[in-house]
Amino acid sequence: MTTKEFIELEERYGAHNYHPLDVVIERAEGCWVYDVEGNKYLDCLAAYSAVNQGHCHPRIVNALKNQAEKVTLTSRAFRNDQLPLLYKELSELTGYEISLPMNSGAEAVETALKAARKWGYKVKGVPENKAEIIACKNNFAGRTITIISFSTEEQYRDGFGPFTPGFKIVEYGNAEELEKAITENTVAFIVEPVQGEGGIIVPPEGYLKKAYDICKKNNVLFITDEIQSGLGRTGKLFAFEHEGVRPDVVIIGKALSGGCYPVSAVLSDREVLGVFKPGDHGSTFGGNPLGAAVARESLKVLIEEKLIENSAELGKYFIDKLRAIESPHVKEVRGKGLFIGVELKPEAGGARRFCEALMKRGILCKETHENVIRFAPPLVIKKEEIDWALTHIEETLKMA
Ligand SMILES: *Cc1c(COP(=O)(O)O)cnc(C)c1O
């Protein structure tokens with residue numbers, strides 16, 4: 001079948017909740033993906049940072065295969081021999097006492113919000129049904145009804161009300177506004193250390209530290225959504241490390257499975273996740289042995305192959321080189337590690353046409369909002385591959 005035929009099938013039989021580039025991928029390896037016509041592309045999106053370890057990493061695929069032949073799902077009605085090891089390894093790696101596994105990122109966000117509310121009632125002593133959670137303008141945390149209830153993106157909400165109450169919005173990057181928004185019923189502040197879907201927005205230096213201190217002072221949980229910014233993407237294990245804070249709750253997903261299987265988790269000390277009692281919360285697939293085995297290997301690959309260091313080093317190199325490109329269209333280049341956004345001027349005609357031009361040259365990236373091109377390749381990328389991409393990016397950014 002041809003590209004055109006696959007696209008026709010998809011358009012005819014699928015719901016149109018995405019607007020993908022017209023490339024039909026049939027296999028992938030490391031940083032590279034191959035379409036059904038035999039064309040090869042450098043993947044500069046990495047499935048929104050879920051394939052930080054590179055596509056089809058042999059060690060992760062092996063872990064998946066081996067576990068798939070043993071046992072895939074027990075449900076949490078019984079125990080399995082992978083989940084306890086994932087718990088232990090996550091705790092040793094991150095320093096958090098306990099964790100709670102889910103599948104998608106959105107489910108992990110929901111889990112963190114539920115934990116925060118329960119903590120508010122049982123530990124902080126907030127009156128019943130009064131808990132407030134503060135989130136930031138321009139956030140992205142998933143697509144469930146509760147999560148879009150604190151989205152500020154019109155399209156994400158349009159037609160989906162009524163919304164879940166209990167959320168307040170403050171300006172991202174403005175710690176003073178956060179402080180003013182806190183009341184005695186505030187239980188948590190949830191924040192992305194770098195806003196991903198919002199356009200790779202890096203907050204002013206010192207913001208996270210200030211916000212963290214404000215939360216500590218007011219007995220408010222500081223929750224970071226590291227689903228996209230975590231696990232090496234910004235050149236640290238977690239993006240919050242750039243400011244030396246230790247959130248009360250950390251949410252991870254995406255690269256936790258190296259893109260091989262949906263696995264997410266919430267991390268905290270016992271004080272927060274300890275509020276859950278048997279029956280309070282759960283998921284049929286959450287913590288399944290297949291996902292746990294894949295996550296264990298994905299974390300090992302991230303550390304043992306020094307992908308976090310590679311992200312720091314090559315991210316800096318990539319950003320410096322992008323900044324040196326003289327293009328009439330570029331407004332700003334920003335990012336941390338291999339989490340990079342090139343914002344175009346409003347008159348550049350939108351990022352989509354540049355992404356389409358890059359695709360023709362063998363580079364896959366995706367516009368983020370109207371005017372931002374995101375570069376976030378798998379963390380296994382090599383300097384030569386970045387250099388190759390840069391020549392094409394430079395020529396593309398100089399086109400009329
Ligand atoms: C992708 C993402 C989510 C949602 O994850 P899903 O697996 O798509 O549900 C939540 N928060 C952030 C910051 C994300 O980038």
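Both counts, for ligands and for their atoms, begin at 1 and track the order of listing.
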**Message:** Cation-pi check for Y96 against R246: NZ or CZ below 6.0 Å from the six-membered ring centre and within 45 degrees of the axis, yes or no?
**Reply:** yes
**Asked** Looking only at distance, does Q228 have an N or O less than 3.5 Å from an N or O of ligand 1?
**Response** yes
**Request:** Run down the list D225, V194, I252 and name the one with the heavy atom closest to atom 11 (N) of ligand 1.
**Result:** D225
**Asked** Does Y48 approach ligand 1 within less than 4.0 angstrom via side chain, backbone, both or neither, non-hydrogen atoms only?
**Response** neither
**Asked** With a 4.5 Å limit on heavy-atom distance, are the side chains of E297 and Q53 in contact?
**Response** no
**Request:** Evaluate the ring planes of W388 and W32, with Trp represented by its six-membered ring, and classify them as parallel (under 30°), tilted (30 to 60°) or perpendicular (over 60°).
**Result:** tilted
**Request:** Could you tell me whether G142 and ligand 1 have an N or O pair separated by under 3.5 Å?
**Result:** no
**Fill in**
A student comparing I227, N103, I190 should find that the heavy atom closest to atom 10 (C) of ligand 1 comes from I227
**Asked** How far is atom 4 (C) of ligand 1 from its nearest protein heavy atom, and which residue and atom is that?
**Response** A106 N, 3.7 Å
**Prompt:** Going by atom types only, do H281 and K114 share a side-chain donor-acceptor pair under 3.5 Å?
**Reply:** yes
**Complete:** min-distance protein heavy atom vs atom 5 (O) of ligand 1 -> G105 CA, 3.3 Å
**Message:** In terms of relative ring orientation, are F167 and F150 parallel, tilted or perpendicular, with 30° and 60° separating the classes?
**Reply:** tilted
**Prompt:** Contact between G196 and ligand 1, counting heavy atoms under 4.0 Å?
**Reply:** no
**Request:** Examine ligand 1 and decide if any of its atoms is less than 4.0 Å from a heavy atom belonging to K254.
**Result:** yes
**Item:** Any donor-acceptor N or O pair under 3.5 Å, side chains E394, T391
**Value:** no
**Item:** Under 3.5 Å: N/O of E197 near N/O of ligand 1
**Value:** no
**Asked** When the ring centroid of Y207 is compared with that of Y172, is the distance short of 6.0 Å?
**Response** yes
**Non-hydrogen protein atom less than 4.0 angstrom from atom 8 (O) of ligand 1** = no
**Item:** Close-contact set for ligand 1 against A141 heavy atoms, below 4.0 Å
**Value:** 10 (C), 11 (N)
**Request:** Assign the ring pair F318 / F375 to parallel, tilted or perpendicular, where the plane angle (0 to 90°) is split at 30° and 60°.
**Result:** tilted
